[in-house]
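If you read the sequence from its start, that first residue is 1, and numbering goes on from there.
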Amino acid sequence: MNLSRILLVTDCDGTLLRDDKTISQKDLDAIARFRELGGNFTIATGRSLPTVSSILELLKPDLPVILYNGSMLYDPVKKTPVWTAEIPQSARFLVETSMERYGPELGVEVLTPEGLHVIQFTPVIDEHLNGPLKAPYRLASLPEVASLQWLKVMFALPAEEMEGLKAFLDSFGDLGARYVRSEKLYFEILPAHASKGAALKMLCEKTGLSLKYTAAIGDCDNDLEMLREASLGFVTANAYPSVKEKVGRVTVSNEEGAVSAVIREILEKGEALFLAEPRLQ
């Protein structure tokens, strides 16, 4: 079987990564087999380059990977960005304004090509940065990062505050940024034109691969654009209920080997799998 036209792209947290932030041997073996047969594999994650470096070292992908929820395409072979986006100056005041509104309960990270900058530290931010996938970071003030390229801003806030935060940000109108919930306690500001879906489309254009033979796996709101761009979009059994309702094609959970399950389906049906059903709208 020749899988050279097929591309599989997967989210990391809640999808490829188990809850303890490790990748199961089942998934690793399936990815290796898929690639041996000519399949193309990469990842798409909201994580930054510092926090994903250990995953890249383990998987050794040879295609560009999507980082910062679509604000960077990164070449893991040449170890250099292929493309980056930037939050415009017109939207940056939202960070200070949100900090004034929510006070010390709002955790804030500004992510740049230079690294992670913690503007306001909270227990959730501490867990995010000092958990199993540790990453270097520095404490900084907003003026200290003002001259840098902002790839994304991450807010950490109690789950019950999320809808109010989005409504608050939306009230300022179009500022050239978009707002997306990336996990239960995390909410992000991204450049308006940056998403996993747009980055996936760009990746295919740069590599000569086709969205027609692309399968994507995700679990959260920030995966929806990618799942729509791909010919086949899969969500894990542990995905947010609202995401499962929109996608419908549900595989097993991240704990049960979601990636290996999708690969098994690809190996069973080959290219015919991608021609059998219409793309998610």
side-chain hydrogen bond (donor to acceptor under 3.5 Å, both in side chains) involving Glu96 - partner list, sequence neighbours excluded: none
Full working for side chain to side chain donor-acceptor pair (under 3.5 Å) between Ser253 and Glu256: CA-CA 5 Å; Ser253 73; Glu256 297 171 296; 3.1 Å; yes
Output a table of donor-acceptor pairs, distance under 3.5 Å, between side-chain atoms of residues 64-82 and any protein atom two or more places apart or on a different chain; print 'none' if there are none.
| from | atom 1 | to | atom 2 | distance (Å) |
| --- | --- | --- | --- | --- |
| Tyr68 | OH | Leu49 | N | 3.3 |
| Asn69 | OD1 | Gly46 | N | 3.3 |
| Asn69 | OD1 | Asn222 | ND2 | 2.8 |
| Asn69 | ND2 | Glu188 | OE1 | 2.4 |
| Asn69 | ND2 | Glu188 | OE2 | 3.4 |
| Ser71 | OG | Leu151 | O | 2.8 |
| Asp75 | OD1 | Val77 | N | 2.8 |
| Asp75 | OD1 | Lys78 | N | 3.1 |

Which residues satisfy the ring-ring contact (aromatic ring centres under 6.0 Å, His included) test with Tyr213, sequence neighbours excluded? none
With Ser54 via side-chain hydrogen bond (donor to acceptor under 3.5 Å, both in side chains) - residues at least two apart: none
Audit row: Asn238, Val252, side chain to side chain contact (heavy atoms under 4.5 Å, CB included) steps and yes/no: CA-CA 8 Å; Asn238 53 285; Val252 301; over 6 Å; no
Do the side chain of Ser231 and the main chain of Lys212 share a donor and acceptor less than 3.5 angstrom apart? yes
Do Thr122 and Glu105 have side-chain N/O donor and acceptor atoms under 3.5 Å apart? no
For Asp19 and Asn254, run side chain to side chain donor-acceptor pair (under 3.5 Å): C-alpha distance rounded to whole Å, both residues' side-chain angles, the deciding distance at 0.1 Å, then the answer. CA-CA 8 Å; Asp19 293 343; Asn254 63 324; 3.0 Å; yes
Could you pull out all donor-acceptor pairs under 3.5 Å where a side-chain atom in residues 158-167 meets a protein atom, sequence neighbours excluded?
| from | atom 1 | to | atom 2 | distance (Å) |
| --- | --- | --- | --- | --- |
| Lys166 | NZ | Asp170 | OD2 | 2.8 |

Enumerate the salt bridge (Lys or Arg N to Asp or Glu O under 4.0 Å) contacts for residues 40-59, please, sequence neighbours excluded, ordered by first and then second residue. Asp13-Arg47, Glu57-Lys60
Main-chain N/O of Ser48 paired with Thr51 side-chain donor or acceptor, under 3.5 Å: yes
Under the side-chain hydrogen bond (donor to acceptor under 3.5 Å, both in side chains) test, residues paired with Thr112 that sit two or more places apart: Glu114, His117
What about Ile189 and Ile125, same hydrophobic cluster or not, with Ile/Leu/Val/Met/Phe/Trp/Tyr joined at side-chain heavy-atom distances under 4.5 Å? no
Non-hydrogen side-chain atoms of Leu7 and Leu200 separated by less than 4.5 Å: yes
Which residues share a ring-ring contact (aromatic ring centres under 6.0 Å, His included) with Phe168, sequence neighbours left out: Phe172
Does the side chain of Leu227 reach to within under 4.5 Å of the side chain of Val235, using non-hydrogen atoms? yes
If you link ILVMFWY side chains whenever their heavy atoms are less than 4.5 Å apart, which other residues fall into the same cluster as Leu190? By chain and number, please. Val180
More than 12 heavy atoms of other residues, nucleotides or ligands under 6.0 Å from NZ of Lys201: yes or no? no
Counterpart residues, side chain to side chain contact (heavy atoms under 4.5 Å, CB included), relative to Ala192 (two or more places apart): none
Do Val262 and Phe34 share a hydrophobic cluster, counting only Ile, Leu, Val, Met, Phe, Trp and Tyr and linking them when any side-chain heavy atoms are less than 4.5 Å apart? yes
Salt-bridge test for Asp219 and Lys244: reply yes if a basic N is under 4.0 Å from a carboxylate O, no otherwise. no
Salt bridge or not for Arg33 and Glu36, using N-O below 4.0 Å? yes
Hydrogens and angles aside, do Glu144 and Ser141 bring a side-chain donor and acceptor to less than 3.5 Å of each other? yes
Donor-acceptor under 3.5 Å (Ser90 side chain, Leu175 main chain): yes
Qualifying residue, where the test is side chain to side chain donor-acceptor pair (under 3.5 Å) with Ser260 and the options are Thr251, Asp29, Asp27: Asp27
By side-chain hydrogen bond (donor to acceptor under 3.5 Å, both in side chains), which residues pair with Asp126, not counting sequence neighbours? Asn130
Any chain of hydrophobic side-chain contacts (each under 4.5 Å) joining Val118 to Tyr102? no
Using the ring-ring contact (aromatic ring centres under 6.0 Å, His included) rule, collect all pairs that involve residues 185-204, keeping only residues at least two apart or in two chains. His128-Tyr186
Side chain to side chain, Ile119 and Val145, heavy atoms closer than 4.5 Å: yes
